Amino acid sequence: MTAAVSNFKIHLSDLFAQALRAVAPEQTATIVLERPKQAQHGDYACNLAMQLAKPLRRSPRDIAQALMAALPASDVVEKVEIAGAGFINVFLTVAAKQGVVRGVLQAGADYGRIALGAGKKVQVEFVSANPTGPLHVGHGRGAAYGASLSNVLDAAGYKVSREFYVNDAGRQMDILALSTWLRYLDLHAIAVPFPPNAYQGDYVRDMAKQISLAHRARYVHTAAEVLQGVPAVEENADAHLDALIANAKKLLGEDYAYVHQHVLTEQLGDCRNDLAEFGVHFDEWFSEQSLFDNGLVARVVEALKAGGHLYQQDGALWFRSTEFGDEKDRVVQRENGLYTYFASDIAYHLNKFERGFDRVINVWGADHHGYIPRVNGALKALGLDSSKLTIALVQFAVLYRNGQKAAMSTRSGEFVTLRDLRHEVGNDATRFFYVLRKSDQHLDFDMDLAKSQSNENPVYYIQYAHARVCSVLQQWSGDSSALRQADVSALQSDYEQTLLQHLIDYPQVIEGAAEELAPHLIAFYLKDLAADFHSYYNASRFLVEDEGIKRARLALIAAVAQVMRNGLALLGVSAPEKM
RNA sequence: GUGCCCGUAGCUCAAUCGGAUAGAGCACCAGCCUUCUAAGCUGGGGGUUACAGGUUCGAUUCCUGUCGGGCACGCCA
């Protein structure tokens, strides 16, 4: 079992460990305490007796009986029962559970922060979209997941660095630069057919207009020059594009770098603004080009060569990734002398490891899963500890509009952008919807549902609960900070017990979400907490005559609101005081 | 064809790294507002967990096979 965080869990584990030593000193079973689904099974259940049944050759209930007798007394334990096949169910005293209210109110925004990470440095790299156009809804999920995951890890006590890998070195950027230039030529009445595999979006025309406005006819060349030696599109679309790029570089000379830089800066800036509006921020924007500029790509290839992991074939340089479990070997340097994306990616990962992170997490689209073995292989070949690297795969979000799949293709220009989605659905609902599924599950994002009726959005359900608490506290108009010292011994009802236990669970939810890299657990927890609060709200009154009861209940719901704020903050969702 | 992921209520999804009677929302039916927000609550019907075996005290969970769906299999990035 991993390090327990809850005081109750640690305490009870310790008690059971003592009982185990007394009953069966030679046994070393792990002590598992879980929260039963049903309240009648107590607050915590231990299956130790069933684990021991086989090695001890005794019936589970006998062993449970012995363990129970050997269990040291504790002032937080109300009673212990044996149930079912041999479960040992522990019931905590009400007083012990009530203590959580004060704990939450005193810790405030820090309630739920745990020491699991022990200050270890972890890097989370996510989004890392090619800066060749607006982010689309698929990127949005990676952004929401990566940002929420980073927040969760931060709350779990890790020192988190959020990073965006900028693919500014590849062919795609050249295609974007070319696309922009061709649109620019079009503005200057130079008739060159626009290739079908170039970037079609309107944003390309916009950039062309900017350049034209700023530099007039400086980059104009004749159609004959542009098309000189270019093979027909119908023959080979890729060769057609590459030849156009080559001509662009030749004709523009040093100006090509300007166009290239301009479109990169524009798109990256747009991407950064888009993400910032979405509440997604990065500590580092890491340039792929820098890996070439400082020679790290060349160095890493040399290192692999020196280690005997490379070989020459068909004029290209191959990495023997099959030795590390990959399906086939991979090219790191092409016949034309250019390094592959894989080569710069190895260099990038080496760089990550050299920066001294204890753990590196890559958030990738699930379509990249075939890429994992070669990256791990390369790390091993370089003598690095590949277990420090975790790839978190995020399945694509499929957008549905009018009950039909919305086509998404960056080049065709017929896609729905993340920005469109945010504006139509709202940032809160968008962030929440994205992390409402396990990340490796397909996500059907039904826009019509998300934007049509706000009351169908689960995020409003949680926010509404928070707003209700705020409303009650406002009408009470007392000193909220005084609730920290409130006597909460009046909290005895089933509704109140349920809420207390929920609040106690919160740090463990953080722990689980951090360990499993699963921020969706926070979303589900908050839905459950909100549901229990709404039931409580409908069944109880808070602003009652009895001062003691009133203060106890207000303290409880103030604690509930605090945990909601904390949880929603991790997901990047606001907690409005009024709705 | 090979590899990875997935298959749970009519729909969208849960189920505490093997636990007790598989749970929510939506939809459907019936109720609850002259007192703190009805974007809420209460109750009801809904299941051979795709299928067939196996492992053990115990399987939605682990293993094998079949069927069905998604993704990936470039000297692209």
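Quick note on labels: first sequence line is chain A, next is B, and so on, each numbered from 1. For the numbers below, each heavy atom of this structure counts, side chains included, while hydrogens, waters and symmetry mates do not. Bear in mind that the values here come from a model prediction, so they are computed numbers and not experimental data.
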Taking the minimum atom-to-atom distance to the side chain of [X], which one of [options] wins?
X	options	answer
A/Asp314	B/rG70, B/rA38, B/rC75	B/rC75
A/Ala316	B/rC75, B/rA77, B/rC36	B/rC75
A/Lys328	B/rC75, B/rG70, B/rG19	B/rC75
A/Ser471	B/rC75, B/rC36, B/rC57	B/rC36
A/Asn130	B/rA20, B/rA77, B/rA15	B/rA77
A/Gln172	B/rA77, B/rU21, B/rC13	B/rA77
A/Tyr464	B/rG40, B/rA77, B/rA20	B/rG40
A/His520	B/rA15, B/rA77, B/rC6	B/rA15
A/Arg334	B/rC36, B/rA77, B/rA38	B/rA77
A/Phe87	B/rU37, B/rC75, B/rG19	B/rG19

Could you give the distance separating [M] and [N] at their [atom1] atoms, to the nearest angstrom?
N	M	atom1	result
B/rA59	B/rG53	P	14 Å
B/rG46	B/rA22	P	14 Å
B/rG7	B/rU49	P	14 Å
B/rG10	B/rG45	C1'	13 Å
B/rC62	B/rC5	P	10 Å
B/rA20	B/rU35	P	43 Å
B/rC67	B/rA52	P	15 Å
B/rA50	B/rU61	P	8 Å

Once hydrogens and angles are ignored, does a donor-acceptor distance under 3.5 Å link the base of B/rG3 to the side chain of A/His369? yes
Check: A/Asn47 side chain, B/rA20 base, donor-acceptor under 3.5 Å: no
With sugar-phosphate meaning primed atoms plus P, OP1 and OP2, does [X] contact a base, only sugar-phosphate, or nothing at under 4.0 Å between heavy atoms?
X	answer
A/His41	base
A/Glu335	base
A/Lys37	base
A/Gln51	nothing
A/Ala83	base
A/Gln441	sugar-phosphate
A/Ala467	base
A/Gly170	sugar-phosphate
A/Arg437	sugar-phosphate
A/Asp326	nothing
A/Ala45	base

Under a 3.5 Å limit for both distances, which nucleotide forms a Watson-Crick or G-U wobble pair with [N], could you say?
N	result
B/rG19	B/rC57
B/rU64	B/rA52
B/rC41	B/rG31
B/rC26	B/rG10
B/rG1	B/rC73

State, yes or no, whether a side-chain contact exists between [X] and [Y] at a heavy-atom distance under 4.5 Å.
X	Y	result
A/Val152	A/Ile522	yes
A/Glu81	A/Ile88	no
A/Tyr536	A/Leu499	yes
A/Phe286	A/Tyr348	yes

If you assign each of A/Arg330 and A/Arg374 to its closest nucleotide in RNA chain B, which residue comes earlier from the 5' end?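 Nearer the 5' end of the strand: A/Arg330.
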Along RNA chain B (nearest heavy atom to each residue), the more 5'-positioned of A/Glu516 and A/Ala531: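 That would be A/Glu516.
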Rounding to a whole Å, what distance do you find between [X]:[atom1] and [N]:[atom2]?
X	N	atom1	atom2	result
A/Gln38	B/rG23	CD	P	8 Å
A/Lys438	B/rU60	NZ	C1'	11 Å
A/Tyr461	B/rU37	OH	P	17 Å
A/Tyr44	B/rG19	OH	P	18 Å
A/Glu545	B/rC36	CD	C1'	13 Å
A/Tyr371	B/rC4	OH	C1'	17 Å
A/Asn336	B/rC75	CG	C1'	7 Å
A/Asp367	B/rC6	CG	P	17 Å

Could you check whether any side-chain N or O of A/Ser535 sits under 3.5 Å from a backbone N or O of A/Ala531, counting only pairs where one atom can act as donor and the other as acceptor? yes
Please confirm whether the backbone N or O of A/Tyr434 pairs with a side-chain atom of A/His520, one donor and one acceptor, at under 3.5 Å?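 Absent.
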Is there a side-chain polar atom (N or O) of A/Thr340 under 4.0 Å from OP1 or OP2 of B/rC76?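 Result: no.
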What are the two closest non-hydrogen atoms of A/Phe342 and A/Val331, and how far apart are they?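 Looks like CD2-O, 4.0 Å.
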Do you know the tightest heavy-atom contact between A/Leu291 and A/Ser344?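 Heavy atoms only, the tightest pair is CD1-O, 3.5 Å.
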Apply ring pair (Phe, Tyr, Trp, His ring centres under 6.0 Å) to A/Phe542 and A/Trp476, showing your working. CA-CA 9 Å; A/Phe542 306 102; A/Trp476 169 56; over 10 Å; no
Chi angles and distances behind the salt bridge (Lys or Arg N to Asp or Glu O under 4.0 Å) call for A/Arg320, A/Asp326: CA-CA 9 Å; A/Arg320 222 182 289 278; A/Asp326 200 5; over 6 Å; no
Syn or anti conformation of B/rC33, syn meaning chi within 90° of 0: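 Glycosidic conformation of B/rC33: syn.
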